[in-house]
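A quick write-up on the structure given underneath.
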Amino acid sequence: MSKIAVVGAGAIGCVFGARLAFFTSHEVIFCVRTPFDLVKVTLPSGQDMRVDMHPTKRKNIEEKVRNISLNEISCPVRCETDPSKVSPVDWILLAVKGHQVEGASGWLRALCGSKASIAVLQNGVEHFERVAPFSFGAKILPVVVNCPADRFSPGEVTQNSHAKLIASDSEEGRDLQDIFSKTDLSVELTTDFTTETWSKLCVNVAAGPATAITSAGRGIVSEPSVSNVCYELTKECAEVGRAEGAKLPLDFAEKVIERIHGQPPDGTTSMLADKLAGNPLEADAMTGAVIRYAAKHGISVPTTKTIHAFLMQINQKHDFV
Ligand SMILES: NC(=O)c1ccc[n+]([C@@H]2O[C@H](COP(=O)([O-])OP(=O)(O)OC[C@H]3O[C@@H](n4cnc5c(N)ncnc54)[C@H](OP(=O)(O)O)[C@@H]3O)[C@@H](O)[C@H]2O)c1
């Protein structure tokens, strides 16, 4: 049994932290600013969580699901609001937004020890660089999160589609896989994390900035005047990713945009959700990262620079605390 802390109990922290609290015997602590007694994850409508599951997992889950509704996971959890009340743990699931890492460093200081590992459940490509200054001797495992989710109130979230984590095929990656092995969710291991993380960033920049700037759903990407901007953003991101070693085909940007055209026009993005909630946009971790890596490789990214300037203006217009 491991001791696991969830720092950043929002949409992603709750989707994955709830699985550990519900399905496993790990000791799970939610480190929060606003406490809650119960974590509740509403699953995608019509999804039976036992489908496509490995038989050994299915057995464990079937014992649990006898007592619950198939489209909701909920259980009582331990929340702490004061870092002085916690001590070093084995694993930290860090799921604050990219720009919130420093603000959460008090938690990391209290939870990290030489045996701790931090799974960084964030978008972007700079998981390691962002967290290293606040890791206090713990190991850092960057993780790609595939899971559209929304938070409605403290501890209460909706998972909108299938969820999985992708980590490097490393000792820490295998440990994280083991931690989730008794849940319905999987941790996929890859020997090419660079490609995974840059392809996810391409998907994020394709729709996030356009939806946030216009306050419109994903359908905005199909507007002829906007579509080309989204395509150029994605193409620039893919080019920079390829310079970093990501194996992205030359038509990757076209494919990403085409896929968005086929999605429901009222679909949201996390950047749009932040804009509408009046929260800072995760622009530095997305377009900001593309600009930094472009400079490293001497690649010109004019569309990304223009769009990033607009996103940062949105951030400056709010008095964020
Ligand atoms: N949501 C998605 O669909 C999705 C999908 C894939 C990847 N991602 C990525 O996953 C990461 C997390 O996103 P999210 O959507 O889960 O964000 P979120 O819902 O905004 O959750 C972030 C959580 O961090 C908490 N937090 C921030 N600063 C803190 C501090 N100093 N101490 C304790 N808690 C703190 C916030 O607490 P408060 O409630 O107190 O503000 C909030 O609960 C991001 O990098 C995002 O891009 C998101």
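One-based numbering, in listed order, for ligands and for the atoms of each. The analysis underlying the following values was restricted to heavy atoms, covering all of them including side chains, and did not include hydrogens, waters or symmetry mates.
Using a cutoff of 4.0 Å between basic side-chain nitrogens and carboxylate oxygens, Glu102 and Arg130 are not scored as salt-bridged.
Two residues are said to be in side-chain contact when any heavy atoms from C-beta on lie closer than 4.5 Å; Asp274 and Lys97 meet this criterion. A 4.5 Å side-chain heavy-atom check between Thr303 and Thr306 finds every atom pair outside the cut-off. By the 4.5 Å heavy-atom criterion applied to side chains, Thr197 and Lys200 are not counted as neighbours. For the pair Ile92/Ser117, no side-chain contact is recorded, criterion being any heavy-atom separation below 4.5 Å from C-beta on.
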I'd like to know whether Thr190 forms a side-chain hydrogen bond (donor to acceptor under 3.5 Å, both in side chains) with Asp192, so could you lay out the CA-CA distance, the side-chain angles of the two residues, the decisive distance to 0.1 Å, and finally the verdict. CA-CA 5 Å; Thr190 176; Asp192 187 3; 5.8 Å; no
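For atom 40 (O) of ligand 1, the nearest non-hydrogen atom of the protein is Arg33 NE, 2.9 Å. Looking at atom 19 (O) of ligand 1, its nearest protein heavy atom turns out to be Ala11 N, 3.0 Å. Annotation: atom 25 (C) of ligand 1 to nearest protein heavy atom, Gly8 CA, 3.7 Å. Protein heavy atom nearest atom 7 (C) of ligand 1, with residue, atom name and distance: Asn123 ND2, 3.2 Å. Closest to atom 4 (C) of ligand 1 among all protein heavy atoms lies Ile12 CD1, 3.5 Å. If you check which protein heavy atom lies closest to atom 1 (N) of ligand 1, you get Ala149 O, 3.0 Å. In terms of protein heavy atoms, atom 26 (N) of ligand 1 is closest to Val96 CG1, 3.6 Å.
No side-chain N or O of Thr304 forms a donor-acceptor pair with one of Thr287 less than 3.5 Å apart. Looking only at atom types and distance, the side chain of His297 has no donor-acceptor partner in the side chain of Glu239 under 3.5 Å away.
For ligand 1, the polar-atom distance check finds an N/O of Gly10 within less than 3.5 Å of one of the ligand's N/O atoms.
Shown in contact with Ala9 at under 4.0 Å from a heavy atom are these atoms of ligand 1, numbered in order with element: 43 (O). When each atom of ligand 1 is checked for a heavy atom of Gly103 under 4.0 Å away, the hits are 31 (N). Near Pro148, the atoms of ligand 1 lying under 4.0 angstrom from a non-hydrogen atom of the residue are 3 (O). The ligand atoms of ligand 1 that sit less than 4.0 angstrom from a heavy atom of Cys147 are 2 (C), 3 (O), 4 (C), 5 (C), 6 (C).
Within the structure, ligand 1 has Leu121 among the residues with a heavy atom less than 4.0 angstrom away. A heavy-atom separation below 4.0 Å is found between Lys200 and ligand 1.
Under 4.0 angstrom from ligand 1, the non-hydrogen atoms of Ala95 all belong to its backbone.
Counting heavy-atom neighbours within 6.0 Å of Asp37 CG, excluding the residue itself, gives a total of 12 or less.
In summary, the aromatic rings of Phe252 and Trp198 are positioned with their centroids too far apart to meet the 6.0 Å limit.
Considering only non-hydrogen atoms, atom 45 (O) of ligand 1 lies nearest to Glu282 out of Lys97, Glu282, Arg151.
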